[in-house]
Every structure is written in C-alpha cells, then in structure tokens.
There are 2 protein chains.
Amino acid sequence: MHFPKSPAVATDVLIFSVLEGKLCVLLIQIGSGPYKGKWALPGGLVEMKETLDEAALRILEEKAGVRGVYLEQLYTFGDVDRDVRGRSVSVAYFALVNGDHYNPRTTDYYAGIGWKDVRRLPAMAFDHKKVVEFGVKRLASKLAYSNIAYALLPREFTLSDLQSVYEVILGRTLDKRNFRKKIQEVKLVKETGSMRRTGANRPAKLYAFSQSRPTLVDVL
Amino acid sequence: MHFPKSPAVATDVLIFSVLEGKLCVLLIQIGSGPYKGKWALPGGLVEMKETLDEAALRILEEKAGVRGVYLEQLYTFGDVDRDVRGRSVSVAYFALVNGDHYNPRTTDYYAGIGWKDVRRLPAMAFDHKKVVEFGVKRLASKLAYSNIAYALLPREFTLSDLQSVYEVILGRTLDKRNFRKKIQEVKLVKETGSMRRTGANRPAKLYAFSQSRPTLVDVL
DNA sequence: CCTCTTAGTGTATTTATTACACTAACCTGT
DNA sequence: ACAGGTTAGTGTAATAAATACACTAAGAGG
C-alpha cells in the first residue's frame, strides 16, 4: 500500500540536567537558513526503519553523545506553521542526564551548543519554546510520583544533593526534615556506607537510589 | 525545503463512553484488506493543511458524527511494524462522550461499528489493543485530579450516576458518604434544583458540573 | 400499611502533612 | 586549644486529610 502525501515526522529531544543549581536543557544554535542564530532542541527526521524511541535514542547519541539515559515520550506537536520550511510533525521526547553523561558532539553545522537555564531561554526556533515549557511541567509533576530523580544524579549523592534537585525543578524550597523523612519512608534511597567531605563542615553520608529504573513512588 | 521520505502520519481516536455500567470504546470493523474482520479505532491520515488536533476533530465527526466533546492527545505510537501495509506513525487521541452525543455514520466501507466494553475487546487490528489499554489507564488517572467526568455525563445527573462513572472507570467501589463529601468539598457540582424520579424509590436531586471545561481538581 | 428500593446523611479513628530549632562534625584561623 | 563558620543530621506536636462505618428518608407497589 502506498500512502498519499503526509507531513514529515521528526523527533526533538529535551535533554535536561541540573547544573549549578539550575534546571538546564541542551540547545543547539542553528547555523543557517530561516532560523539562523536561533536556538533549537536537538532533533531530526525519523527514518523509515526505526521506531520513534529508536529515533530519539539515535539523536541523543548523535547530537549529545549520550547513551543509556532516561528517555520518555513527551507529546507530539503538529501545528501547521510550526516549521516555516515545510509541514512537519514532531514527536518530542525528554531525557534526563547528570553532568557525567554529557559529551556533546561539536560539528560546524551548528553555530553553538550548550546548556541553557530553562528559566532564561534564548530566542528559539520553531515551536521549541512551547516544547521546553511543556517538558518542564511534565518533569516537575513526574518528580512527585516517581523515582526519576535517579537519572539526574550521579550514582552516589547526599540527601542535600537530592533535595536540591527537587527544589530546583519544583521551584520551591522544601523542609529538610520532612523531605528526609519521606524519602526514607518510601525507601527511595539506601546508604552506601561512605561519606563525602567537602571542606570546612560536617561530612555527609552518601546514598544511592534503591532502584535505577523508572518506578512509581509517592515521593512528595 | 523538501523533506525526504518519512513515515505516514495518522491519528486514531479513542472515543470513550460509559454505557450500561461499562466503560466502552467505539470501534469499527474493517471490511477488507489484511485486517479484514478485525476491529480498529476510527482513524485516518493527517492532511497537509490541518493540525493534529484538527485531524482528530475531523475524524471524530466523520466517523462518529460527534462534535464539541472533550478531546486530548494521548500518545504517539510509531513501531515499525504497527501497520503491515506500510510505515506509519499514529498520534492517538482520546475523546469522552455521553450517550446523547453519539450518532455514528454508517458507510459500507466498514463491516461494522459499535461500542465495545474495554474489558472484553474483540480481535483488534494494528497496535490498537495497546492503544486502548494505554488510554484506559490515562483516563483513570485523569479522573482523580480533574473534572473531566463532566464530559461523560449528561448536563443533569444524580450523585449516584457520578459515583457510578468513577467506579466503572477506576474499577473499584467507592464509599458513598466519603465520595459525596469530597465532591461537594471541591465544589465539583452544584444542585440544579430539580429531582429525578425513577420508580419505586426515593427521588434523587439532580446536579450539574460547576465547570464544563477541563479543570484541575483534586477529586479523590 | 408493609415491603422493597434507591437517596441521603455524620462521627470517630487512623493516617498523612506540616511547622518548627537545636546539636554534630569538620575545617580554619588565631 | 578553642572560637567561629558551615553544612549535616535529627524528633515531636499540631493540623489536616482519608477512611471506616449504619441508619433514616422518600417514593412505588402490592
């Protein structure tokens, strides 16, 4: 069977990381064409022989050099005018990485690549501003009822690190004692036995997530 | 700009209704081709000049004669082998209707059309079984924190009607007094002043939703 | 007027959430 | 060695939310 003319199918990937106390997303600056100078999500067309998930994984690796991270489908954007160059539909995904995973490919096709604070986005191409805002909301709500924070932290971390991730993404401060109580109660983490010394203060116990795959948990 | 070959873009719409105490979905029986005899969701290709939402609305009207109902994007399914006739990506939507809205178009292209209990699905074409199951889960979870039940009930209804919709979709019974307490507390509904008499028992007060557009409310 | 059926109502118990302030451990500088 | 600075770590009381539970009310029909 041969299908008639149809919009192009692309995927765009929101790669989130918490860096220096800010929720950041990896953006690429477009080097030519009508969107020259604007920033965009890493993305690309879906090939005939790959699933949507596979396309997103490929883009993640090609554009950000990232493998084995958390990835989930976000939403599909299909406004007629979302790309002035032609009709396309974009299946947006979001990925979570911690600083360690990041190893961006640099090519001269792009004018730039870098982490941008989601609260201070630069001028963006296509409908990508909307996509980022949508993704931030989804991320915040998933944080409350799943363990996906594991994907944003290194294998070992302190409870203060963990709390800070929650605070940055939710955009509000949390009570230290109540936070710790809840985290322990739902058995989100376990002690690793070692400590971290960071200077002129009391050393902190290090923890690891008890599960390193997505699980539903009532965290907050 | 001209895009290279890309999967076809379709939308499929899950049309839910609660009928005779069962959560049902409107399905069409395919009349020819490799999926002949199998049941499928109403769907079709997205046209070049319409957004995804518009395509879903068009299908809703063309296939089910339904207008002005609740509609929301569900998920996009894009496995390579989801349609044996060729590579396609399907943006699934779900719609909520009450019995009144239903006025299906009958065409001889289809071998049949009808409401099917989501707990007893017939043999389904494509990946549509997966799509329905995904949609049922989403619907159940949205019921708990939004007022979308309004779209499944007529303008006036009793609190028992409402509770029954919740019970059918959640798949468990709810305590009558606690349910009513919560519903009133969050001001989900208001009395209309009239009553419904249904035979040999006490008449029930009729209620209407205080909001007839999607709103976030902590119902349960 | 008795029986059947569905509608409608309140309270006590348990559980979860919130608010809140001090001590512990370590480093540094004197 | 000890004082000052900094982050880690801990418990309890008050409030709010969720749950469990059983009887009376209103109508129809015989």
Salt bridge present between E133(A) and K137(A) (N-O < 4.0 angstrom) | no
Give me the one residue out of V136(A), L26(A), V97(A) that meets side chain to side chain contact (heavy atoms under 4.5 Å, CB included) with F16(A).
-> V136(A)
Between Q163(A) (CD) and dT7(D) (C1'), how many Å, whole number?
-> 12 Å
Who passes salt bridge (charged side-chain N to carboxylate O under 4.0 Å, His left out) against K205(B), sequence neighbours left out?
-> E191(B)
Looking only at side chains, do D161(A) and S164(A) share a donor and an acceptor under 3.5 Å apart?
-> no
Those residues at least two apart in sequence (or on a different chain) that pass side-chain contact (heavy atoms from CB on, under 4.5 Å) with K190(B) are none
Taking only N and O in the side chain of S160(A), is any of them less than 4.0 Å away from OP1 or OP2 of dT7(D)?
-> no
To the nearest Å, give me how far apart NZ (K176(B)) and P (dT5(C)) are.
-> 14 Å
Where along residues 188-210 of chain B does a heavy atom come under 4.0 Å from DNA chain C, residue by residue in number order?
-> A200(B), N201(B), R202(B), P203(B), A204(B), K205(B)
Base versus backbone protein contacts along nucleotides 11-20 of chain C [heavy-atom cut-off under 4.0 Å; B, S, -] = B-----SBBB
Mind calculating the distance between CZ (R180(B)) and P (dT24(D)) to the nearest angstrom?
-> 18 Å
Hey, can you tell me if F134(A) and Y75(A) have their rings parallel, tilted or perpendicular (30° and 60° cut-offs)?
-> tilted
In chain order, what residues pass the salt bridge (charged side-chain N to carboxylate O under 4.0 Å, His left out) check against R58(B), with sequence neighbours excluded?
-> E47(B), E50(B), E62(B)
Rounded distance in Å - CG (L174(B)) to P (dA18(D)) | 13 Å
Residues which pass salt bridge (charged side-chain N to carboxylate O under 4.0 Å, His left out) with R180(A), listed by chain and number, not counting sequence neighbours = none
Once you round it to whole Å, what is the distance between P of dG8(C) and CG of L162(B)?
-> 12 Å
Rounded to the nearest angstrom, tell me the gap between atom CD1 in I183(A) and atom C1' in dT10(D).
-> 16 Å
